[in-house]
Student: 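Sharing a structure below in structure tokens format, with a few things to ask.
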Amino acid sequence: MPPPEVEELKSRALKIHKLADDVEKLANVVHTEAGRMEWSGPLTDRVRGEIRTWKTRCGNAAELLREEADRLNSQARDMLKP
């Protein structure tokens with residue numbers, strides 16, 4: 001059985017990875033729904049642009065979270081090496 005420190009790192013990595021998935025999923029849902037809507041008005045282009053920007057930022061944040069999760073997993077593996 002791995003040491004508790006290793007299990008803790010793996011647990012944190014899993015939680016961070018799930019958070020990244022949730023962040024990305026949320027942004028994708030909003031972007032998809034906004035694309036399906038048939039709406040127009042003076043602010044339509046601005047709002048759609050802001051949604052695209054938000055989706056991009058969420059994607060970037062999700063990628064950084066995944067990198068952190070990978071780093072924690074790597075650290076856990078390194079702790080198991082003799």
Student: Does any non-hydrogen side-chain atom of K10 lie less than 4.5 Å from one of N73?
Tutor: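 In contact.
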
Student: Does any part of the side chain of K55, heavy atoms only, come nearer than 4.5 Å to the side chain of N28, both counted from C-beta?
Tutor: yes

Student: Could you tell me the separation between the CE atom of M37 and the OG1 atom of T32, rounded to the nearest 0.5 Å?
Tutor: 13.0 Å

Student: One thing to verify: whether K81 and D78 come together as a salt bridge, which I'm taking to mean a side-chain N less than 4.0 angstrom from a carboxylate O.
Tutor: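 Result for this pair is yes, salt bridge flagged.
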
Student: Which heavy-atom pair separates I51 from H31 by the least distance, and what is that distance?
Tutor: CG2-CA, 3.9 Å

Student: Hey, is the main chain of E7 close enough, under 3.5 Å, to the side chain of S11 for a donor-acceptor pair?
Tutor: no

Student: In chain order, what residues pass the side-chain hydrogen bond (donor to acceptor under 3.5 Å, both in side chains) check against R12, with sequence neighbours excluded?
Tutor: E8

Student: Report yes if the side chains of D21 and R66 come closer than 4.5 Å at any heavy-atom pair, otherwise no.
Tutor: yes

Student: Hey, quick one: are V23 and W54 part of the same hydrophobic cluster, counting side-chain heavy atoms closer than 4.5 Å, chains of contacts allowed?
Tutor: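 In one cluster with V23: W54, no.
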
Student: Determine whether L9 and L14 fall in the same hydrophobic cluster, where Ile, Leu, Val, Met, Phe, Trp and Tyr are linked whenever their side-chain heavy atoms lie under 4.5 Å apart.
Tutor: no

Student: Please tell me whether V30 and L43 are part of a single hydrophobic cluster in this structure, the criterion being side-chain heavy atoms less than 4.5 Å apart.
Tutor: yes

Student: Is the closest side-chain heavy-atom distance between L80 and P3 below 4.5 Å?
Tutor: yes

Student: Is a salt bridge present between E50 and R57, judged by a nitrogen-to-oxygen distance below 4.0 Å?
Tutor: no

Student: Is the backbone of G41 close enough, under 3.5 Å, to the side chain of T44 for a donor and an acceptor to pair up by distance?
Tutor: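 Yes; at least one donor-acceptor contact below 3.5 Å.
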
Student: Got a sec, which residues hit side-chain hydrogen bond (donor to acceptor under 3.5 Å, both in side chains) with D22, two or more places apart in sequence or on another chain?
Tutor: none

Student: Is L65 close to H17 at the side-chain level, that is, under 4.5 Å between some pair of heavy atoms?
Tutor: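 Counting from C-beta outward, H17 and L65 never come under 4.5 Å.
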
Student: Using the side-chain hydrogen bond (donor to acceptor under 3.5 Å, both in side chains) criterion, which residues pair with E67? Sequence neighbours excluded.
Tutor: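 None.
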
